[in-house]
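See below for the structure under consideration.
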Amino acid sequence: KYRDKEKEKMKHKDGSADKYKDKHKEKKVTYRAHNSWRIAHNVFCCFCSPPAVKSEPEDNFYHSPKNEKSLKRERDDDIDSDFKPKKVKIENDKKVKKRKPEEEDIKPKKTKNKRAVADGKKKAKKEPEEKWKWWEEERYTDGSKWKFLEHKGPVFAPPYEPLPSQVKFFYDGKHMKLRPEAEEVATFFAKMLDHEYTSKDIFRKNFFKDWRKEMSAEEKTKLTDLKKCDFTEMSDYFKAQSEARKAMSKDAKLKIKEENERLLQLYGFCIMDNHRERIANFRIEPPGLFRGRGDHPKMGMLKRRIRPKDIIVNCSKDSKHPEPPPGTKWKEVRHDNKVTWLVSWTENIQGSIKYIMLNPSSRIKGEKDWQKYETARQLKKCVDRIRTQYREDWKSKEMRIRQRAVALYFIDKLALRAGNEKEEGETADTVGCCSLRVEHIKLYPENDGQEFVVEFDFLGKDSIRYYNKVPVEKRVFKNLQLFMENKDTDDDLFDRLNTSVLNKHLQELMDGLTAKVFRTYNASITLQQQLKQLTSAEENLPAKILSYNRANRAVAILCNHQRAPPKTFEKSMQNLQLRLTCIDTKRDQLSDAKRELKSSKADAKVRRDEKSKKTVETRKKAVERTEEQLMKLEVQATDREENKQIALGTSKLNYLDPRISVAWCKKWSIPVEKIYNKTQREKFAWAIDMAEDDFEF
DNA sequence: AAAACGACTTAGAAAGCAAGGG
DNA sequence: CCCTTGCTTTCTAAGTCGTTTT
């Protein structure tokens, strides 16, 4: 056993010697200031807390697979076959095609509306098609995403309009007229002058380099130093423009609105398989300066204008193809129904492909979303087994297995992202689980009275800082010590692991399982568990909603969804103060009203006439109303306070099975509008329609 | 087997807008 | 009625993960 271990260690040293390049030596880690509260408050959520505490909720939900579903077994089998998006083995078997992954109501609807075939496009346009329930129809099982697709193509960015001649640009104090190509790029910079980006070295360097590419030979020789460029007149001009826009007459504003609506109706929808569906982003991204997040090496580079000849159009052969603008041609028109995009182009900063796709309310996005949650529910059934296994694997004699097991433990317990490797120098230096480096964790055999504490401190997606101190099990701790032996701070912590190895392993544990499923699963199960725990029947509506938001917040904390507190942080604090004063006033009003009520009651007793009875009634009502208002304000204030730098939206939109929320609303007779706004209701229409109050994730 | 590519989901910031309080 | 101010919508960057190419 020990020899093996040694062998592993050797491999470690030799095999990966050149893997440990000096890659991250001089990276600057600039954390956002607002994250410091996390350190200060040492925030934990249910999954970051010690195992002992954690195991309680688990018991409620992590049933062993057998107990859990003995009754429903056969049906689950069907479900399984439904949710193999890629490897559909059942090809033409109509019987298996029932698209209901939901156990409760598979049978009734399956033959109702067959997906109509690819010809009735005209008709689809006519009928406004009030609320198509795609979730009651069959799904494709052959890997195709649609049979018919017609759209009008993208809307291009408006062409550049040269500045009026009175708006001048100065170089080294002297007026200089730029030719339009160079002037346009200059305006991009001018528009960002107030932003701190423009003071960053890399941004300025990248911008200037790309700007010079747009200059004439003459301009190039003259303009050699960005510091000598004076964009203030341009900047002021644009500010004035936006002021003018704000101050426009109602009429003019309406006109613009109408024009936007016209554009939306024309370009904002497509016809996919007989249904008119909303497109998410039908406008091509306008040119401008690239704004990466965090310490991005390419910030400030010129994002070039996209022209028709950059565009690949995807639609069905028998559709009316979109026309390129007069005098131009598309790069290509293709008819690929194995993909969901309508338009694509290659972007020049990273060389990646950008797409125009459908709105989240569309069938094609909704089905996928639904399926995502079904996969997570599958994980629920086998998560106990998987957890047992990775704990076993902590003892493996193979280094790669141990690393895999510890990484998986982090992904499960802390909801970390998988952490693909990234090309160095192309993007900001951020990491996820598999790409953690030695410098990102600290080990404390003992810390604040807890044993085996791991301190995480790294920049994750979007350069959002992840900071957490977590007690772990002894075996994990010992393993981490082993992984860190003889390594430099910028070496990979899991040097024998990457996301593709991990996901291959997960695939073997459960069909469709990947690292991100754990995030979805843990987020949703946490919501369900927290809702159960926090909601009490006696509470009134605002209090229940506060409970919902708190449950939501637990998830957001788990997933580390942060937001920058508004720039006017101080001001918002003042506002809160104001709100509190407001509440106080309400409180006074309330006691006044109560006193009045009492006196009028007494009055009524003496007089016993209709009039005084009425007064009692109205005063009673007044008290109730004020009480309600007070409650509402208090709740609002607490909610906001607790929410200061936590963003609930992302988890609500991407991680929480909407059926949990819908079921909760039904159970407590809370209008779903209190939880989901219009957009969200559109996206989750399937869940709102199908989830009953007894839905269990 | 590793690098590159392609398609798709997830993400926070900024822009736009409406509603409620002074 | 105006003006914040907070919510919604838009925007597009930045991930994940499977497939294809080298």
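Note that the structure is predicted; figures quoted are calculated from it, not measured. Residue numbers start from 1 in every chain, and the chains themselves are labelled A, B, ... in the order their sequence lines are given, proteins ahead of strands.
- Atom CG in L254(A) sits about 12 Å away from atom P in dC17(B), given to the nearest Å.
- The separation between E347(A) atom CD and dA7(B) atom P is 15 Å, rounded to whole Å.
- For the OP1/OP2 pair of dG15(C) and a distance below 4.0 Å, the side-chain nitrogens and oxygens of K422(A) include at least one atom meeting the criterion.
- Nearest-nucleotide assignment on DNA chain B puts the 5′-proximal partner with E423(A), out of I364(A) and E423(A).
- Between Y466(A) and F458(A), the ring-plane angle classifies as parallel under the 30° and 60° cut-offs.
- Backbone-only contact: G419(A) has heavy atoms under 4.0 Å from sugar-phosphate atoms and none from a base.
- Looking at heavy-atom distances under 4.0 Å, P286(A) makes contact with sugar-phosphate atoms alone, never a base.
- The phosphate of dT12(C) (OP1 or OP2) has no side-chain N or O of R293(A) nearer than 4.0 angstrom.
- Rounded to whole Å, the distance from CG on N498(A) to C1' on dC17(C) is 12 Å.
- Among dA18(B), dG12(B), dG6(B), the nucleotide with an atom closest to any side-chain atom of T650(A) is dG12(B).
- When distances run from any side-chain atom of H195(A) to the nucleotides dA13(C), dA14(B), dG6(B), the shortest one goes to dA14(B).
- For dA13(C), the OP1/OP2 oxygens have a side-chain nitrogen or oxygen of K303(A) closer than 4.0 Å.
- In this structure, the nucleotide among dA7(B), dC8(B), dA14(C) sitting nearest to the side chain of K145(A) is dC8(B).
- At whole-Å resolution of the value, CD1 in I349(A) and P in dA14(C) are 10 Å apart.
- Each of Y355(A) and S651(A) lies near DNA chain B, and the nucleotide nearest Y355(A) is the one positioned closer to the 5' end.
- Atom-to-atom, CD of E367(A) to C1' of dT9(B) comes out at 16 Å; the value is rounded to the nearest Å.
- In this structure the side chain of L358(A) reaches within 4.5 angstrom of the side chain of I279(A), judged on heavy atoms.
- Taking the side chain of N654(A) as heavy atoms from C-beta on, and the options dA14(B), dT10(B), dC17(C), the nearest nucleotide is dT10(B).
- The distance from atom NZ of K678(A) to atom P of dG16(B) is 18 Å, rounded to the nearest whole Å.
- A280(A) comes within 4.0 angstrom of nothing in the nucleic acid, heavy atoms only.
- A sub-4.0 Å separation between OP1 or OP2 of dC8(B) and a side-chain N or O of K354(A) is absent.
- Projected onto DNA chain C by closest heavy-atom contact, K504(A) and F290(A) fall at different nucleotides, the more 5' of which corresponds to F290(A).
- Phosphate contact (OP1/OP2 of dT8(C), side-chain N/O of N677(A), threshold under 4.0 Å): present.
- Nucleic acid contact for R245(A): none, since no nucleic acid atom lies under 4.0 Å from a heavy atom of the residue.
- Among the atoms of the strands shown, only primed sugar atoms or phosphate atoms (P, OP1, OP2) are found under 4.0 Å from some heavy atom of K516(A).
- For T340(A), a side-chain nitrogen or oxygen approaches OP1 or OP2 of dC8(B) to under 4.0 Å.
- Taking the nucleotide of DNA chain C with the nearest heavy atom to each of E421(A) and R278(A), the more 5' of the two is matched to R278(A).
- The side chain of K368(A) places no N or O atom within less than 4.0 Å of a non-bridging phosphate oxygen (OP1 or OP2) of dA7(B).
- Ring geometry, F456(A) versus F410(A): the interplanar angle exceeds 60°, so the pair is classed perpendicular (tilted spans 30 to 60°).
- Dashed line: the shortest gap from a side-chain N or O of Y655(A) to OP1 or OP2 of dA11(B) is under 4.0 Å.
- Atom OH of Y267(A) has 12 or fewer heavy atoms from other residues, nucleotides or ligands within 6.0 Å.
- Salt bridge E682(A)/R278(A): absent, no basic N to carboxylate O contact under 4.0 Å.
- Taking the side chain of M357(A) as heavy atoms from C-beta on, and the options dT16(C), dT10(B), dA7(B), the nearest nucleotide is dA7(B).
- In this structure, the side chains of I411(A) and L502(A) come closer than 4.5 Å at one or more pairs of heavy atoms.
- Looking at F518(A) and L416(A), their side chains never come closer than 4.5 Å, going by heavy atoms from C-beta outward.
- We find that CD1 of I646(A) is positioned 15 Å from P of dA11(B), with the value rounded to whole Å.
- Heavy atoms of G649(A) sit nowhere under 4.0 angstrom from any nucleic acid atom.
- N420(A) has no side-chain polar atom (N or O) that falls below the 4.0 Å cut-off from OP1 or OP2 of dG15(C).
- When the C1' atom of dT10(C) is taken as reference, atom CG of N281(A) falls 10 Å away, rounded to whole Å.
- Nearest nucleotide to the side chain of R283(A), out of dT8(C), dC11(C), dT10(B): dC11(C).
- Note on R519(A): a side-chain N or O is less than 4.0 Å away from OP1 or OP2 of dA11(B).
- Looking at heavy-atom distances under 4.0 Å, A647(A) makes no contact with the nucleic acid at all.
- For R417(A), taking side-chain heavy atoms from C-beta onward, the closest of the listed nucleotides dA7(B), dG15(C), dA18(B) is dG15(C).
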Under 3.5 Å, which donor-acceptor pairs link side chains of residues 256-266 of chain A to any protein atom two or more places apart or in another chain?
residue, atom, partner, partner atom, Å
E259(A), OE1, R262(A), NE, 3.1
E259(A), OE2, R262(A), NH2, 3.0
E261(A), OE2, Q265(A), NE2, 2.8
Q265(A), OE1, R276(A), NH2, 2.7

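- Between T430(A) and dG15(C) there is a side-chain polar atom (N or O) within less than 4.0 angstrom of OP1 or OP2.
- In terms of phosphate contacts, H296(A) brings no side-chain nitrogen or oxygen within less than 4.0 Å of OP1 or OP2 of dA13(C).
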